[in-house]
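This report concerns only the one structure given below.
None of these values were measured; they are calculated from a predicted model.
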Amino acid sequence: MADEKENAEQPVEAEPASSGNMLLVIGLAVSILFGLAGFGAAGFMFMNQKPVEEPITVSGVASDAAHAEEDELYAVTEEDELDEGEEALGAIYPLESFVLNLSGGRYLRAQLRLEFEGREVPKRFFPRIVPVRDLIIQLLSVKRAEDLLTSQGKEGLKGEIKDKVNELLRREDIKNVYFSQFVVQ
């Protein structure tokens, strides 16, 4: 018992307070090093990038710059030779792909290109791209797969799209409609 009283009265030596602080300092230093390494890597990655081109905007609506470059591939220049009686192509604008349900439960994936009367896409077309896409989706979604699988069905659909889009644009701007993809599943 006497030994127990002696042990209770003797103060227990505590660990030095500096070891806890030392772990905190080491953790903070490691965190700072990882942060600096991350910033350095990010700076190196962004330093070698090309500047981003601004999208072409018309009336506040952005059009894809890739479409503008692609349009140049399809435009007929003055230097192109046309055969006798051959008509020059107008500007061709590619629409994004359509993937939708057809009437009757099948699916359609199609990509359309609109040919305009002139050599340039009219500026009034760009703010109407969304209504044009909506109109085409409405036209396509009521069609049945059987109606679209024949060449007559596709030609009829092209004419219907052309007429409805011209009606939406309130002018006869669309000269022709082309399918660059057409898959029914």
Side-chain angles (χ1 to χ4, degrees), residues 45-46 48-185:
M45 287 173 34
F46 289 116
N48 293 328
Q49 286 187 342
K50 295 179 184 176
V52 178
E53 292 182 19
E54 292 291 322
I56 301 167
T57 59
V58 178
S59 302
V61 177
S63 67
D64 191 349
H67 289 294
E69 291 173 7
E70 200 170 319
D71 287 343
E72 292 175 8
L73 297 175
Y74 295 107
V76 177
T77 63
E78 298 289 335
E79 299 165 358
D80 290 337
E81 292 183 25
L82 297 175
D83 292 336
E84 196 172 310
E86 186 179 9
E87 195 173 324
L89 287 174
I92 296 178
Y93 186 84
L95 295 173
E96 292 179 22
S97 294
F98 294 88
V99 178
L100 51 93
N101 296 326
L102 294 172
S103 178
R106 296 188 62 190
Y107 300 95
L108 172 68
R109 178 182 172 90
Q111 186 170 15
L112 286 83
R113 297 178 186 263
L114 303 175
E115 180 185 0
F116 289 86
E117 288 292 337
R119 292 178 185 253
E120 292 183 12
V121 176
K123 290 181 181 182
R124 70 182 166 280
F125 173 75
F126 293 106
R128 292 180 175 91
I129 290 175
V130 172
V132 165
R133 283 189 55 81
D134 180 62
L135 178 117
I136 293 171
I137 289 170
Q138 289 178 16
L139 286 173
L140 292 172
S141 63
V142 297
K143 301 292 183 185
R144 295 179 335 166
E146 297 80 29
D147 300 334
L148 298 176
L149 291 175
T150 65
S151 60
Q152 295 166 338
K154 288 181 186 107
E155 288 301 317
L157 179 62
K158 286 180 181 182
E160 194 175 350
I161 291 170
K162 174 186 160 191
D163 293 342
K164 293 290 186 181
V165 171
N166 279 334
E167 186 178 311
L168 179 73
L169 297 175
R170 298 186 192 129
R171 292 193 181 171
E172 295 293 319
D173 286 335
I174 305 296
K175 181 178 178 180
N176 208 343
V177 176
Y178 301 102
F179 293 120
S180 55
Q181 276 186 5
F182 200 89
V183 178
V184 176
Q185 293 183 346

Query raised in the report: Can you find a heavy atom in the side chain of Leu169 that is under 4.5 Å from one in the side chain of Phe125?
Result: yes

Validation row: Asn176, Ile92 side chains within 4.5 angstrom (heavy atoms):
no

- Task: In sequence, state the C-alpha distance, the side-chain angles, and the governing distance for Tyr107 and Leu102, and then conclude on side-chain contact (heavy atoms from CB on, under 4.5 Å).
- Result: CA-CA 5 Å; Tyr107 300 95; Leu102 294 172; over 6 Å; no

Those residues at least two apart in sequence (or on a different chain) that pass salt bridge (charged side-chain N to carboxylate O under 4.0 Å, His left out) with Glu117 are none

Problem - Side-chain touch Lys143/Leu108, heavy atoms, less than 4.5 angstrom - result: no

Output for pair (Leu95 CG, Leu114 CG), nearest 0.5 Å, gives 4.5 Å

Practice task
Measure the shortest side-chain to side-chain distance between Arg170 and Arg124 over non-hydrogen atoms and say whether it is less than 4.5 angstrom.
Solution key: no

Of all heavy-atom pairs linking Ser103 and Val142, the shortest is CB-O, 3.7 Å

Value for NZ (Lys154) from CZ (Phe179), rounded to nearest 0.5 Å, stands at 8.0 Å

Worksheet item: Leu112 versus Tyr178: any side-chain heavy-atom pair under 4.5 Å?
Response: no

For Ile174, is there any backbone N or O sitting under 3.5 Å from a side-chain donor or acceptor partner on Asn166?
yes

Any heavy-atom pair between the side chains of Gln138 and Asp134 that's under 4.5 Å? yes

### Query
Under 4.5 Å between any side-chain heavy atoms of Phe98 and Gln181, yes or no?
no

When rounded to the nearest 0.5 Å, the distance separating CD of Glu160 from CG of Leu139 is 5.0 Å

Exercise. So does Lys158 have more than 12 non-hydrogen atoms from other groups sitting under 6.0 Å from NZ?
Worked result: yes

One should read off an interatomic distance between Tyr93 OH and Arg113 CZ, to the nearest 0.5 angstrom, of 11.0 Å

Heavy-atom neighbours of Arg109 CZ exceed 12 at 6.0 Å
no

Value for CG (Asp173) from CZ (Arg128), rounded to nearest 0.5 Å, stands at 9.0 Å

One should read off an interatomic distance between Leu135 CG and Leu140 CG, to the nearest 0.5 angstrom, of 9.5 Å

Is Arg133 reaching over with its side chain to a backbone N or O of Glu96, donor-acceptor style, under 3.5 angstrom?
yes

Q. In this structure, are over 12 heavy atoms from other groups packed under 6.0 Å from Glu146 atom CD?
A. yes

Between Arg119 and Ala91, the two heavy atoms sitting closest are O-CB, 3.4 Å

### Query
Does Gln111 reach the main-chain N or O of Ser180 with its side chain, forming a donor-acceptor pair under 3.5 Å?
no

